[in-house]
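Computation of the quantities below employed the complete heavy-atom set of this structure, encompassing side-chain atoms and omitting hydrogens, waters and symmetry-equivalent molecules. Quick caveat, the model's predicted, so the values are computed rather than measured. Each chain gets a letter, A, B and so on, in the order its sequence line appears, and its residues count up from 1.
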2 protein chains.
Amino acid sequence: MAVSRTDVAADAEGGVARVGPKEAGRREVLTAAARAFRANGVEGTTIDDIADELGATKGRVYHYYRSKNAVLLDIHVSAMELVLAEVSPAATTPGPARSRLADMVRRTVTLNDRELDLLYVVISALFNGLPMSGRPPERAVADRVRELRREFEDLFVSVIDDGIRSGEFRNVDSRLVARALLGSMQWTVLWLGSTDRPITEVAAEMADYLLTGLVR
Amino acid sequence: MAVSRTDVAADAEGGVARVGPKEAGRREVLTAAARAFRANGVEGTTIDDIADELGATKGRVYHYYRSKNAVLLDIHVSAMELVLAEVSPAATTPGPARSRLADMVRRTVTLNDRELDLLYVVISALFNGLPMSGRPPERAVADRVRELRREFEDLFVSVIDDGIRSGEFRNVDSRLVARALLGSMQWTVLWLGSTDRPITEVAAEMADYLLTGLVR
DNA sequence: GTCTATATGTGGATAGAC
DNA sequence: GTCTATCCACATATAGAC
């Protein structure tokens, strides 16, 4: 998880994602929170729960983050940057659209498995809406998250368009199909934790199905 | 939405889903709550919000439901029965697996669009976990909901198995593919509200893609 | 940097009038 | 059957000691 968050400092006013020597402590809080959020839901998790997960008390959490929402937003930014760092190279590498897209699917599914807590939280938040608790610095971060989401979706749309142009793919509505793909992949966070098949097989079979379909 | 809920009265102790002449009033509360839940998230919605949506006050809501959780659970049961009533006939009708499955996809997507508030709430709850607030009667209803979910997934698994046996489909992991299908379809609640294409086209193209894939 | 208070606000739920 | 008024629990966030 070696993603810099330096460029996200949309919070000069003392807001949400400060960087510096606090980084290590923040990361601990972040992953503890992600675990708790996934287990109990965001609203079902109290700051004390997060502290428990850390083997500490409230004070620790509030030392690194000014609010519960700040924690959640930082999870979002970290996770989305992680996702883009993992998938976007596969999208832009040279080669046929077909193999690029398959690679993107495998990477996404594999990352979902490897960072399940983090991505579970982020994906479920798509349904709950971003908790924009109002303050301008938080709003800026929320905007950034929405931008990253869009960027991720567009990655798939453009590779699909490439494939259509090159004649590899059928002439589909690329955004619709991208969303179908996204849905299948993101849905995996609901069941990856309880499947017994190795993740490489799951990722490969997902990619195969999503590209070549079911009909013989 | 003509689904009886009589058989769900797992609440003889005065619980969650009583039936009788109250039915009409309950339905109003139910749909108002679904609208509010989708707009603000379940936890972000207060009982007063639901009352506002009804043009009434708290008292009205509590006259029909003993708790916020009871409302939510009733939404779940109603929605899942609605879904099964819509899709399960298409699964068991005679004919090739391929056309049955396509029909199931089209029906699911179309229903998602027609009852968007209701299904949005139910689908997003998959990520938040059912709010089992503990009391035995509520636990019973929650169990019933889980059963209906499983039933829905199994509908797809068994049609896919049929198709594999008949040679119409490739030899895939039917549960994995069912979950991929489910994910694509349920994901639509996130964007159906903002697409401009007619729902019949969307449903048809989803079915086409999910069966025959992307590769030419 | 981490802790133990504690203030404060909010929202679910109830009682009882109309 | 619907309303108003109120109770009470709980969780966020802060203040300030160590």
Distance, rounded to the nearest Å, where B:Asn69 contributes CG and C:dA13 contributes P | 7 Å
Using a strict 4.0 Å threshold on nitrogen-to-oxygen distance, state whether A:Arg175 and A:Asp161 make a salt bridge.
-> no
Carefully, step by step, assess B:Leu72 and B:Val121 under the rule side-chain contact (heavy atoms from CB on, under 4.5 Å).
-> CA-CA 9 Å; B:Leu72 186 55; B:Val121 173; 3.8 Å; yes
Do A:His76 and A:Arg149 come close enough that some side-chain heavy atom pair is under 4.5 Å?
-> yes
Interface residues of residues 32-42 of chain B with DNA chain D (non-hydrogen, below 4.0 angstrom) | none
Could you check which residues of residues 44-61 of chain B get a heavy atom under 4.0 Å from DNA chain D? Sort them by number, please.
-> B:Ala56, B:Thr57, B:Gly59, B:Arg60
Nearest 0.5 Å, what's the CG-CZ distance between A:Leu190 and B:Arg179?
-> 9.5 Å
Could B:Arg146 and B:Asp143 be called an ion pair, given the rule that one side-chain N must be under 4.0 Å from one carboxylate O?
-> yes
Check ion pair B:Asp103-B:Arg100 (N to O, under 4.0 angstrom) | no
Respond yes when some side-chain nitrogen or oxygen of B:Tyr64 is under 4.0 Å from OP1 or OP2 of D:dT2, and no when none is.
-> yes
Within less than 4.0 Å of OP1 or OP2 of D:dA13, is there a side-chain N or O belonging to A:Tyr65?
-> no
Taking the side chain as C-beta and beyond, is there a heavy-atom pair between A:Asp117 and A:Thr31 under 4.5 Å?
-> no
Give the rounded distance in Å between these two atoms: CD of A:Glu43 and C1' of D:dC10.
-> 14 Å
To the nearest angstrom, the NE2-P distance between A:His63 and C:dC3 comes to 11 Å
Integer-rounded Å distance: D:dA13 C1' and A:Lys68 NZ = 12 Å
Salt-bridged, B:Glu81 to B:Arg144, with N to O below 4.0 Å?
-> yes
Rounded to the Å, how far apart are A:Tyr62 OH and D:dA17 P?
-> 21 Å
